[in-house]
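Numbers restart at 1 for each chain; the letters A, B, ... are given by sequence-line order, proteins then strands.
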Amino acid sequence: MSVRVRFAPSPTGYLHIGGARTALFNWLYARHTDGTFVLRVEDTDDARNTREAVDVILDGLRWLGLDWDEGPVSGDAMQQSRGENGPYFQSQRGDIYQRRIQELLDNDLAYDHEGAIKFRMTREPVTIPDLVAGNVVRKLTDREEADPDFVIVRSDGKPVFHLVNVVDDIEMDITHVIRGEDHLSNTSKHIELFKAFGEEPPKFAHIPLILNNDGSKMSKRDTGASMTAYKEGGYLPSAVLNYLSLLGWSPKDDTELMPLTELIKRFDMDGVQRANARFDMAKLDWLNFEHIRSLKQEAFKTQAIAQLQAAGIDTAARDDDYTNAALALCTDKIKNLNDIAGYIGFFFLDAVEIDAEAAEQALTPENRPHLAALREAYAGLAKFNADSLQGALKSTAAALEVKNKFLVMPARVACTGSKVGPSLYHLMELLGEAEVLKRFDAALTAM
RNA sequence: GACCCCUUCGUCUAGUGGUUAGGACACCGGCCUUUCACGCCGGCAGCACGGGUUCGAGUCCCGUAGGGGUCGCCA
């Protein structure tokens, strides 16, 4: 039988990083086994059930590239979904739950209690076979000893999570339940429910949780808890996915940098960790850098132009060769997508914005004669390319009897407005003589 | 309170009875260099603790401590 897994988020209005990782593990397992990835919306709680809240989750998954084979096509529960096992919104599955509840009632496996319906739960310890944790024997807690039965339908008629979750997994032929470890203790309830319905429970795999860097529980308000933080924070989806895959799963050898295709190839349940993992932004940053620089030229260009546009910098006025050359000067140097505009924006700006601190350090009165001399040297150059620019700068520095850096820094700041940036000589070559001299002049008047 | 899971460098991890306990990120030096990076070389740093079992334990067992989770007419 082919693998069928599902990601079943509750529309809380944001996609939690832990939820995203659960989705990723399910998705990877489905793709690895050539199985089916189902997306089901657990919107049984009216209070937080809105179309917008669902869309946030769908958008987050789409951004990551975690496509689903069956499930909603939009956040609108009334809209037709994709797949044969729908509806994929629990709010639309009332009839199915009614039928299953009646089945339990008819078999005396459930009963009315103060207007609600409770399930007759076993008092015996339940063994939970788990692909990650092994066989877990779950005994009753002291409160459960007093009354092991639990509510499956509220007095307002609405079925609760435990019931609908199990019913849906049965109806949707789910073969593997891969979810957060926070559900491990509750799984005894689910297993008994499966048995009550005469069904073989699916395989369970409870994956460890993601904690904050200090080891505390990650909650909604913590930085990095929401997927949008990464989208807006300049991270590539492939980097986020790669990092998330490494939190709680290991390929067993020392490979860490992996594109999605390799993740799919290598992911399996036996590499899943049992201990919770702490989130380390520094490592994500490193992977982000690695993924950015392994981007193909065209893909990088697409990202760069989007970033420049978002920063209000128009690249359309320049010809393609110029833009490509500018981008070529910063590949391998960009660690975060959000740094692109600041790093090469000056190529496309008419008037350079000079960083105050850079100006204070480099565009000083003492450096004015240096920059002025360099301007003279550059104005008389037969060829205006990286080699000639470097040669002229060095000989000018020698003539002035100062170190190169006293010419380099003013020139850099004059041209780019910043102390850091692409290779100076190459950047000036691309800018061209007229533009470089113009920027030198503007800086000289300000010194 | 009860029940369940977990515990190797700061962090993510490799390790399935015999290893100088490996890698990565971060950090600290050095080299390279026109800046910042990259890269290269080197360094710091770990088996939570206590008992067993065994010729031998990071690896197996028990206990303790610590962390996380669950016990709801939330999901």
Side-chain angles (χ1 to χ4, degrees), chain A residues 8-12 42-45 47-48 90 113-118 125 128 130 132-134 136-146 148 150-162 164-165 180-189 206 208-209 211 213-218 243 246-257 271 273-287 289-290 293 330-335 339 343 358 362 386 389-390 393-394 397 403-405 407-409 411-413 416 418-428:
Chain A
S10 175
T12 51
E42 306 220 331
D43 56 346
T44 51
D45 184 7
R48 52 182 172 181
Q90 289 184 334
H113 176 79
E114 295 175 0
I117 298 176
K118 292 181 94 171
I128 304 163
D130 191 274
V132 177
V136 175
V137 181
R138 168 62 154 78
K139 290 195 287 254
L140 259 38
T141 67
D142 53 359
R143 292 178 194 200
E144 290 165 338
E145 288 282 1
F150 58 93
V151 171
I152 52 174
V153 182
R154 302 183 224 169
S155 53
D156 66 4
K158 291 224 162 54
V160 305
F161 165 75
H162 299 302
V164 297
N165 192 268
E181 198 216 78
D182 49 340
H183 284 103
L184 182 55
S185 287
N186 283 151
T187 304
S188 54
K189 293 187 175 72
H206 288 92
L209 270 20
L211 308 178
N213 198 248
D214 64 2
S216 61
K217 181 189 175 183
M218 191 178 269
Y243 179 66
L246 259 18
L247 279 189
W249 171 76
S250 166
K252 297 294 181 184
D253 59 16
D254 292 328
T255 313
E256 300 208 282
L257 179 60
Q273 217 65 28
R274 302 179 68 153
N276 292 168
R278 301 179 186 209
F279 195 89
D280 182 14
M281 197 65 85
K283 186 132 186 182
L284 203 212
D285 285 335
W286 170 72
L287 274 171
F289 172 52
E290 294 295 337
R293 67 172 175 170
C330 73
T331 37
D332 273 16
K333 299 195 127 195
I334 297 295
K335 297 199 158 192
D339 293 339
Y343 201 84
L389 291 165
Q390 178 165 20
L393 184 140
K394 285 184 173 170
K403 286 187 174 177
N404 293 345
K405 69 173 181 180
L407 302 194
V408 167
M409 285 317 285
R412 171 178 293 286
V413 174
T416 72
S418 167
K419 287 188 293 181
V420 302
S423 163
L424 178 61
Y425 307 117
H426 292 90
L427 133 206
M428 290 193 294

Inset, instruction - Please confirm whether any donor atom in the side chain of A:Thr141 sits under 3.5 Å from an acceptor in the base of B:C3, or the reverse. - result: no
Legend entry - hbond_proxy A:Arg138 side chain to B:U70 base (donor-acceptor, 3.5 Å cutoff): no
Inset, instruction - Write down the distance between CZ (A:Arg154) and C1' (B:C74), rounded to a whole number of angstrom. - result: 7 Å
Legend entry - Glycosidic conformation of B:C9, taking syn as within 90° of 0 and anti otherwise: anti
Inset, instruction - Round to the nearest Å and state the distance from A:Asn276 atom CG to B:G68 atom P. - result: 9 Å
Inset, instruction - Using the P atoms only, state how far B:G10 lies from B:C49, rounded to an integer number of Å. - result: 12 Å
Inset, instruction - Check every atom of B:U34, B:C4, B:A75 against the side chain of A:Val136 and return the nucleotide holding the closest atom. - result: B:C4
Legend entry - Expected output: side-chain A:Asp43 to main-chain A:Gln90 donor-acceptor under 3.5 Å: yes
Inset, instruction - To the nearest Å, give me how far apart CG (A:Leu246) and P (B:A26) are. - result: 14 Å
Legend entry - Sugar-phosphate only, base, or nothing, as touched by A:His206 at under 4.0 Å among non-hydrogen atoms: nothing
Inset, instruction - Can you tell me the distance, in whole Å, between the CD atom of A:Glu181 and the P atom of B:U7? - result: 11 Å
Legend entry - Six-ring centre of A:Tyr343, A:Lys333 cation under 6.0 angstrom, axis tolerance 45°: no
Legend entry - Name of the residue among A:Trp286, A:Phe279, A:Phe289 meeting ring-ring contact (aromatic ring centres under 6.0 Å, His included) with A:Tyr243: A:Phe279
Inset, instruction - Tell me the partner of B:U64, counting only Watson-Crick (N1-N3 plus N6-O4 or O6-N4) or G-U wobble (N1-O2 and O6-N3) with both under 3.5 Å; none if nothing fits. - result: B:A48
Inset, instruction - Please answer whether the main-chain N or O of A:His162 pairs with a side-chain N or O of A:Asn186 as donor and acceptor at a distance below 3.5 Å. - result: no
Legend entry - A:Val160 side chain, from C-beta outward: closest of B:A14, B:A75, B:G69: B:A75
Legend entry - Any side-chain heavy-atom pair of A:Tyr425 and A:Leu393 under 4.5 Å: yes
Legend entry - Separation between the P atoms of B:A48 and B:G67, rounded to whole Å: 16 Å
Legend entry - Among B:A75, B:C73, B:U34, the one nearest A:Tyr425 by side-chain distance: B:U34
Inset, instruction - Working to the nearest 0.5 Å, report the span between CG of A:Asp182 and NZ of A:Lys217. - result: 8.0 Å
Legend entry - Minimum-distance nucleotide (side-chain atoms of A:Lys252 versus B:G68, B:A14, B:U35): B:A14
Inset, instruction - Nearest whole angstrom, please: distance from the C1' of B:C25 to the CG of A:Asp254. - result: 13 Å
Inset, instruction - Whole angstrom is fine here: how far is it from CD in A:Glu145 over to C1' in B:G1? - result: 13 Å
Inset, instruction - Any strand is fair game: report the nucleotide pairing with B:C74 by Watson-Crick or G-U wobble, both distances under 3.5 Å, or none. - result: none
Inset, instruction - Could you please name the partner base of B:C27, counting Watson-Crick and G-U wobble pairs only when both distances are under 3.5 Å? - result: B:G43
Legend entry - Listed nucleotide nearest any side-chain atom of A:Val420, set B:C36, B:G23, B:U34: B:C36
Inset, instruction - For residues A:Ser185 and A:Arg138, determine if any side-chain heavy atom of one lies less than 4.5 Å from a side-chain heavy atom of the other. - result: yes
Inset, instruction - Return yes if the base of B:C3 and the side-chain atoms of A:Lys139 contain a donor-acceptor N/O pair under 3.5 Å, otherwise no. - result: no
Tabulate atom names and distances for all N/O pairs under 3.5 angstrom spanning the protein and nucleotides 8-11 of chain B.
none

Inset, instruction - Name the pairing partner of B:U35, where a pair is Watson-Crick or G-U wobble with both distances under 3.5 Å, or state none. - result: none
Inset, instruction - May I ask you to say what A:Pro422 touches in the nucleic acid, namely base, sugar-phosphate or nothing, with a heavy-atom cut-off under 4.0 Å? - result: base
Legend entry - Minimum-distance nucleotide (side-chain atoms of A:Lys335 versus B:C71, B:A37, B:U13): B:A37
Inset, instruction - Using a 4.0 Å heavy-atom cut-off across all strands, classify A:Ser423 as base, sugar-phosphate, or nothing. - result: base
Inset, instruction - Pick base, sugar-phosphate or nothing for A:Asn404, based on heavy-atom distances below 4.0 Å to the nucleic acid. - result: nothing
Legend entry - Presence of donor-acceptor pair under 3.5 Å, side chain of A:Lys333 and base of B:U35: yes
Inset, instruction - Examine distances only and state if a side-chain atom of A:Arg293 and a backbone atom of A:Lys335 form a donor-acceptor pair shorter than 3.5 Å. - result: no
Inset, instruction - Considering just the side-chain nitrogens and oxygens of A:Lys217, establish if one lies under 4.0 Å of OP1 or OP2 belonging to B:G69. - result: yes
Every protein N/O lying under 3.5 Å from an N/O of nucleotides 39-47 of chain B:
| residue | atom | partner | partner atom | Å |
| --- | --- | --- | --- | --- |
| B:G39 | OP1 | A:Arg293 | NH2 | 3.2 |

Inset, instruction - Please work out if A:Val153 contacts a base, only the sugar-phosphate, or nothing of the nucleic acid, heavy-atom cut-off 4.0 Å. - result: nothing
Inset, instruction - Whole angstrom is fine here: how far is it from CZ in A:Phe150 over to P in B:U70? - result: 16 Å
Inset, instruction - Specify the separation, in whole Å, of atom CD1 of A:Ile117 and atom P of B:G72. - result: 18 Å
